[in-house]
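Chain A is the first sequence line, chain B the second, and so forth, proteins listed ahead of strands; every chain is numbered from 1.
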Amino acid sequence: MIRQRRRSAFTALAGVLALVLAACGSGGSGSGAQEQQFSDQDVQAALDAGGTLTVWAWEPTLKQVVDGFQRKHPRVKVELVNVGTGDDQYTALQNAIAAGSGVPDVAQLEYYALPQFALAKSVTDLRTLGADEYRDTFTPGPWASVHAGEGVFALPMDSGPMALYYNQEIFQKHGIAVPTTWDEYVAAARALHAADPAVYITNDIGNAGMATSMIWQAGGKPYGVDGTNVTIDFSDEGTQRYTAMWQQLISEKLLAPVDSWTDQWYQGLAEGSVATLVTGAWMPANLQSGVAAGAGKWRVAPMPQWKAGERAGAENGGSGLSIPAASEKKPLAHAFVEYATTGEGVQLRVDGGAFPATTEQLSSPEFLNAEFPYFGGQKANEIFAEEARNVLDGWTYLPFQVYANSVFNDTAGKAYVSDTTLSDGLRAWQDSSIEYGEQQGFTVGP
Amino acid sequence: MATPLPAAVPAENGRRRPRRRRSWAGWRFVGPFLAIFALVFLAPVAYSIYLSLFRTRLVGGTTFVGPDNYEQVLRDPQFWSAVVRVTLFLAVQVPVMLLIALLVALAVDSGRLYGRNFFRIAVFLPYAVPAVVATLMWGFMYGTQFGLVGNVNEAFGITLPDPLSPELVLASIGNIVTWEFIGYNMLIFYSALRVVPTSLYESAEIDGAGQLRVITSIKLPALRGALLIATIFSIIGSFQLFNEPSILQSIAPNAITTDFTPNLYAYSLSFSGQRFDYSATVAIVMGLITMVVAYVVQLRGMRERG
């Protein structure tokens with residue numbers, strides 16, 4: 001599950017969607033595709049008739065899902081295409097949709113990117129395919145993330161409740177306690193770097209997904225979305241908590257200046273120069289495949305807290321499967337999405353190392369008691385499941401988050417390479433996002 | 001040109017048909033070229049101009065806005081800072097590169113160089129390395145953590161300035177481009193020097209001219225045309241700077257912004273921002289600026305020559 005920029009979203013685009021649906025309703029002809037309802041019989045008929053289904057996704061465990069689906073429905077052939085990770089896929093998908101040809105039948109979309117596609121009416125409202133019945137199948141966080149207003153635009157495939165991954169060997173070697181609060185985290189960063197200048201607490205050169213997830217956990221709500229009215233304000237208390245803490249790490253040069261998912265990063269994780277990672281629960285599969293040398297050294301702990309004794313969590317990454325509006329095989333596509341996210345496919349993916357979004361798997365003893373040899377036999381899923389319950393409510397991403405994230409390093413990134421402070425950088429990011437939002441026709445205020 | 005007399009004769013005889021047939025024959029020869037020219041050159045430009053007259057928004061859809069996008073580009077500080085950046089690059093990197101290429105070409109041509117062929121190939125070789133590979137390679141050397149700069153720092157216990165910091169990254173890109181294109185420009189200069197008739201050198205020798213005099217009086221005047229061509233190519237190349245910053249961006253995202261050069265800005269607008277209309281406008285305006293500058297340089301060069 002290599003995801004260059006994994007972020008997730010709780011979305012609340014109620015007004016926008018209401019407008020969209022209203023427009024469809026009154027528009028009459030031409031909006032039929034959005035309104036069309038499918039019954040179970042339609043789906044069964046499509047499965048019996050068979051055909052070829054194109055799926056665009058980069059999630060590695062989907063391969064097993066495709067095999068399983070094809071065994072179950074021998075007449076259907078699924079072509080799984082990896083057109084790139086994250087933004088690369090969104091670019092390809094947006095281009096295909098704009099061109100009106102070559103659009104896949106199923107596409108993987110991260111939660112933070114979903115509102116943009118929902119707003120542009122590029123993906124199908126799955127309620128027309130009966131998605132409402134899955135309300136209780138998924139955990140609340142991911143289920144909220146696939147909503148844009150009333151509509152359901154994807155079925156959750158996985159989720160990314162954040163946790164602290166740490167290299168136990170390094171912490172033991174220098175006799176430093178594993179941090180449980182962010183104050184302890186900063187102290188540990190200083191102690192580690194003082195004990196061995198080659199060791200950094202973590203790596204960061206400015207990453208929008210990381211920053212927004214940290215603000216989320218700190219209780220910040222910089223984004224507000226109500227229909228086409230958007231507010232962007234990085235001066236609230238939660239954001240300030242984050243910038244005050246993180247600024248210390250930046251100013252004292254306690255962060256390894258290495259970007260995630262690069263060769264240097266994997267190298268740093270393996271040789272112990274990057275001592276911790278604060279990231280989503282989808283990370284273990286990546287550590288196992290990318291940092292084999294770290295097996296047995298790494299452990300998982302709950303995310304550090306802003307106040308000792310608190311239990312606040314946030315999401316980082318996570319994605320769902322959606323059906324582009326231009327697909328001509330929606331009943332068939334829906335059968336596949338259901339299989340992969342709610343049916344037998346879920347177990348196949350969990351067996352492959354994925355972190356699911358379904359209540360059943362997340363609460364099964366088999367899942368919770370699984371021991372990770374990579375983490376020295378630790379039952380890591382217990383921690384992840386606990387963190388999933390701690391995720392704070394009320395977070396929203398922008399309906400143009402894909403663009404906003406692309407200019408994070410132009411603005412907030414300056415804090416990492418110049419005298420600009422992180423909070424000034426975030427203000428510049430705010431201005432840049434507001435400008436884009438206004439150009440795109442939103443009513444944007446700070 | 002004199003009027004072709006035979007053509008006039010049939011016309012006087014009142015026989016017009018052969019003449020008309022002949023005029024169509026010309027089109028048949030030019031036709032295939034014109035069709036491809038229209039398809040691959042004119043059509044994209046026309047489509048870009050068409051796009052630049054509209055504005056597509058997430059809320060509100062597509063509307064015809066006429067020249068609004070152009071007005072916006074002319075007042076866009078991001079665009080102009082990118083133009084200033086590539087102009088600075090042009091003003092510093094191009095003279096340095098051409099001067100080195102000129103010295104190398106003169107050295108190779110002087111005939112006094114030991115292992116001339118090897119030297120010529122060695123200097124030209126970087127041009128044969130794809131720009132993407134070259135940039136990745138240099139990017140690795142520039143790294144202060146795991147790259148060559150980092151290794152040097154570690155080995156000697158010093159701290160070299162970070163070549164990928166916002167202050168130095170433009171110079172670092174200039175270094176890569178210079179490395180890539182010295183060989184190419186050297187080859188242009190060298191081929192211009194090879195066509196100088198040897199009799200000129202012989203008469204210079206008879207007149208008792210030294211090497212320096214030969215260079216200033218024979219070789220440099222002979223190079224003037226090649227120098228003009230190389231300069232125009234370099235101007236276009238600088239204004240279109242894209243590959244090197246685009247690849248280095250992944251290892252220095254805070255130093256190389258999404259609007260680092262006009263081309264990178266157009267790319268980001270189009271692929272991250274979904275603003276194809278505004279991106280097309282930026283591309284057209286930048287194309288016009290490049291054309292004007294290249295034309296002015298050419299006019300000046302021609303005048304000096306004449």
Let's test your reading of the structure: which of A:Ile205, A:Asp259, A:Asp263 forms the most heavy-atom pairs below 4.5 Å with chain B? A:Ile205

So which of A:Ala98, A:Pro257, A:Ala412, A:Ala415 has the biggest tally of heavy-atom pairs under 4.5 Å with chain B? A:Pro257

Below 4.5 Å from any heavy atom of chain B, which atoms of [X] appear? Answer side chain, backbone, both or neither.
X        : answer
A:Asn95  : side chain
A:Gln267 : side chain
A:Ser406 : both

How about A:Asp410 and B:Thr258: does a side-chain donor come under 3.5 Å of a side-chain acceptor? yes

Whether the A:Ser251 and A:Gln247 side chains hold a donor-acceptor pair (N or O, under 3.5 Å, no angle test) is what I'd like checked. yes

In A:Tyr403, A:Phe400, A:Tyr436, the residue satisfying ring pair (Phe, Tyr, Trp, His ring centres under 6.0 Å) with A:Phe442 is A:Phe400

Measuring heavy-atom distances to chain A, does [X] have an atom under 4.5 Å in its side chain, in its backbone, in both, or in neither?
X        : answer
B:Gln72  : side chain
B:Ser250 : backbone
B:Pro166 : side chain

If the plane angle is over 60° it's perpendicular, under 30° parallel, otherwise tilted; pick one for A:Trp261 and A:Trp265. tilted

Residue-level contacts of residues 265-293 of chain B with chain A, using a heavy-atom cutoff under 4.5 Å: B:Phe271, B:Ser272, B:Gly273, B:Gln274, B:Arg275, B:Phe276

Which of the residues B:Pro253, B:Gly61, B:Gly143, B:Gly60 is involved in the greatest number of heavy-atom pairs with chain A at under 4.5 angstrom? B:Pro253

Is there a ring pair (Phe, Tyr, Trp, His ring centres under 6.0 Å) between B:Tyr127 and B:Phe124? Walk through the geometry before answering. CA-CA 6 Å; B:Tyr127 181 68; B:Phe124 184 71; 5.6 Å; yes

For B:Phe260, does the six-membered ring have the charged nitrogen or CZ of B:Arg85 within the cation-pi criterion, i.e. under 6.0 angstrom from the centroid and within 45° of the normal? yes

